[in-house]
Amino acid sequence: MKVEVLASVMNEEPMALLERMGLESDAVIINQCHRLGMEEIAYRGHQVRFFSFPDRGVGRSRNEAILRAEGDICLFSDADIVYEPGYADKIASEFERNRDADMILFNITVEEARRTYHITERRRVRWYNCGRYGAVSFAVRRDSLLASGVTFSLLFGGGARYGSGEDSLFLKEFMDKGYAVYTAPVTIGRETAGESTWFSGYDEKFFRDKGVLYRYLYGRLARVMALRFLLAHRKKLCAQVPLGQAYRWMRQGEA
């Protein structure tokens with residue numbers, strides 16, 4: 001069972017990126033930059049295909065990677081992910097263990113302020129708790145992914161109109177089509193600290209964008225889920241903006 005990393009990056013040089021990420025598997029890298037090109041690189045016994053495009057948007061670049069994927073298991077990634085030794089074997093083992101899983105979500109260690117989840121058990125993911133996981137935790141069977149026809153939204157995520165949420169929409173649509181998603185309490189890598197390309201604080205844009213996302217994710221339940229989200233993370237989200245104001249901005253985004 002071959003694991004292949006599908007990474008969306010910006011303005012990277014191939015060898016420096018591969019060394020920094022600690023790759024131990026095949027990979028498709030989509031590099032958003034100012035040139036058009038493609039390189040095939042033999043790296044530590046694995047095949048890396050490095051594509052450079054002038055187009056922008058994390059959803060667009062992830063979709064380009066999906067079109068070029070060849071591995072049995074696709075693992076989504078970013079330039080700020082550093083993998084643990086043996087990550088590919090850990091992922092393959094989890095899929096061997098759970099033959100029903102079309103997708104498995106893994107732990108990526110992040111700094112406390114940015115952490116939205118930590119997996120402690122193996123369980124199935126449902127619609128009401130799919131919004132907490134980032135794309136870099138997703139490992140998916142390529143056959144299931146291609147059969148589903150699911151792609152990443154071009155409206156949400158870095159470089160798009162709305163700041164984030166393309167991963168949540170992707171996950172929910174995949175599950176809505178009947179595919180099984182599970183968690184695994186296995187850490188495969190860590191995120192290195194750096195400036196976000198889309199997050200500038202818990203401000204009006206953040207809450208309005210989140211409201212738009214919740215409308216797409218939850219439909220008629222958007223307002224209930226928005227209030228649930230704010231109450232669950234009140235200390236972090238509403239340290240400078242009153243909860244009532246944050247909720248109004250989210251409702252305006254939903255409208």
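Keep in mind that this is a model prediction, so the values were computed, not measured.
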Side-chain donor/acceptor of D102 to backbone N/O of A180, under 3.5 Å = yes
For the residue pair Y202 and F206, does the interplanar ring angle fall in the parallel (under 30°), tilted (30 to 60°) or perpendicular (over 60°) class?
-> perpendicular
Value rounded to 0.5 Å, distance of OG1 in T192 from CD in E111 | 9.5 Å
Would S77 and Y83 count as having a side-chain donor-acceptor pair, cut-off 3.5 Å?
-> yes
Give a yes or no on whether the ring-centroid distance for F76 and F170 is below 6.0 angstrom.
-> yes
For residues Y87 and S25, is any side-chain donor paired with an opposing acceptor at under 3.5 Å?
-> yes
If you draw a 6.0 Å radius around CD in Q240, do more than 12 non-hydrogen atoms from other residues or ligands fall strictly inside?
-> no
Please name the residue in the list D72, D89, D26 that meets the salt bridge (Lys or Arg N to Asp or Glu O under 4.0 Å) test with K2.
-> D26
Does the side chain of R142 come within less than 4.5 Å of I73's, by heavy atoms?
-> no
Say you draw a straight line from CG of L217 to NZ of K172; how long is it, rounded to the nearest 0.5 Å?
-> 6.5 Å
Would you give the length of the straight line joining atom CG of D55 to atom CG of L36, rounded to the nearest 0.5 angstrom?
-> 8.5 Å
Polar side-chain atom of R56 near backbone of P54 as donor-acceptor pair, under 3.5 Å = yes
Spell out, yes or no, whether Y214 and V224 are grouped together once hydrophobic residues are joined by side-chain heavy atoms under 4.5 Å, including indirect joins.
-> no
Nearest heavy-atom pair of R251 and R223: which atoms, and what distance?
-> NH2-NH1, 2.6 Å
Can you get from Y133 to V181 by hopping between Ile, Leu, Val, Met, Phe, Trp and Tyr side chains that sit under 4.5 Å apart?
-> yes
Going by an N to O cut-off under 4.0 Å, is there a salt bridge joining E19 and R44?
-> yes
Audit row: D167, F138, side chain to side chain contact (heavy atoms under 4.5 Å, CB included) steps and yes/no = CA-CA 9 Å; D167 34 23; F138 299 177; 4.0 Å; yes
Can you name the closest pair of heavy atoms from F95 and M1 and give their distance?
-> CB-SD, 3.7 Å
Side-chain donor/acceptor of N63 to backbone N/O of G59, under 3.5 Å | yes
Any donor and acceptor pair, going by atom type alone, linking the side chain of T116 with main-chain N or O of R132 inside 3.5 Å?
-> yes
Going by an N to O cut-off under 4.0 Å, is there a salt bridge joining E4 and R49?
-> yes
Do side-chain atoms of R97 reach the backbone of A92 as a donor and acceptor pair under 3.5 angstrom?
-> no
Side-chain contact, heavy-atom cut-off 4.5 Å: V186 with R122?
-> yes
Of all the heavy-atom pairs spanning G253 and V212, show the shortest one and how long it is.
-> O-CG2, 3.3 Å
Any side-chain heavy-atom pair from E204 and Q245 closer than 4.5 angstrom?
-> no
Mind listing the closest non-hydrogen atom pair of E24 and A88 along with its distance?
-> O-CB, 4.1 Å
Check whether any side-chain heavy atom of S153 sits under 4.5 Å from a side-chain heavy atom of Y162, and report yes or no.
-> no
Is there a side-chain contact between W249 and V241, using heavy atoms and a 4.5 Å cut-off?
-> yes
CE on M21 to CG on L18, rounded to 0.5 Å = 8.0 Å
Does a side-chain heavy-atom distance below 4.5 Å link F50 with L17?
-> yes
When you look at L171 and L105, which way does the side chain to side chain contact (heavy atoms under 4.5 Å, CB included) test go after all the steps?
-> CA-CA 10 Å; L171 189 56; L105 311 183; 4.2 Å; yes
Say you draw a straight line from CD of Q32 to CG of N11; how long is it, rounded to the nearest 0.5 Å?
-> 8.5 Å
I91 with V28, same ILVMFWY side-chain cluster at under 4.5 Å | yes
Is the number of heavy atoms from other residues, nucleotides or ligands under 6.0 Å of R234 CZ greater than 12?
-> no
From L6 CG over to I66 CD1, what is the distance, rounded to the nearest 0.5 angstrom?
-> 7.0 Å
Report the C-alpha separation of S52 and H34 in whole Å, then their side-chain angles, then the decisive distance to 0.1 Å, and conclude whether the side chain to side chain contact (heavy atoms under 4.5 Å, CB included) test is met.
-> CA-CA 8 Å; S52 295; H34 297 291; over 6 Å; no
Give a yes or no on this: more than 12 heavy atoms of other residues, nucleotides or ligands lie within 6.0 Å of atom CZ of R228.
-> no
Would I30 and M15 show up in the same hydrophobic cluster when neighbours are defined by side-chain heavy atoms closer than 4.5 Å?
-> yes
Can you see which heavy atom on T183 is nearest to which on I104, and at what distance?
-> C-CG2, 4.3 Å
E84 side chain reached by I188 side chain, heavy atoms, under 4.5 Å = no
Same cluster (ILVMFWY, side-chain, under 4.5 Å), Y247 and F229 = yes
Kindly indicate whether the side chain of L155, heavy atoms from C-beta on, has any atom under 4.5 Å from the side chain of L169.
-> no
Plane angle bin for F174 and Y179 - parallel if under 30°, tilted between 30 and 60°, otherwise perpendicular | parallel
Smallest separation among heavy atoms of C130 and S168, with atom names | O-OG, 4.1 Å
Just wondering, are more than 12 heavy atoms of other shown residues or ligands nearer than 6.0 Å to CZ in R124?
-> yes
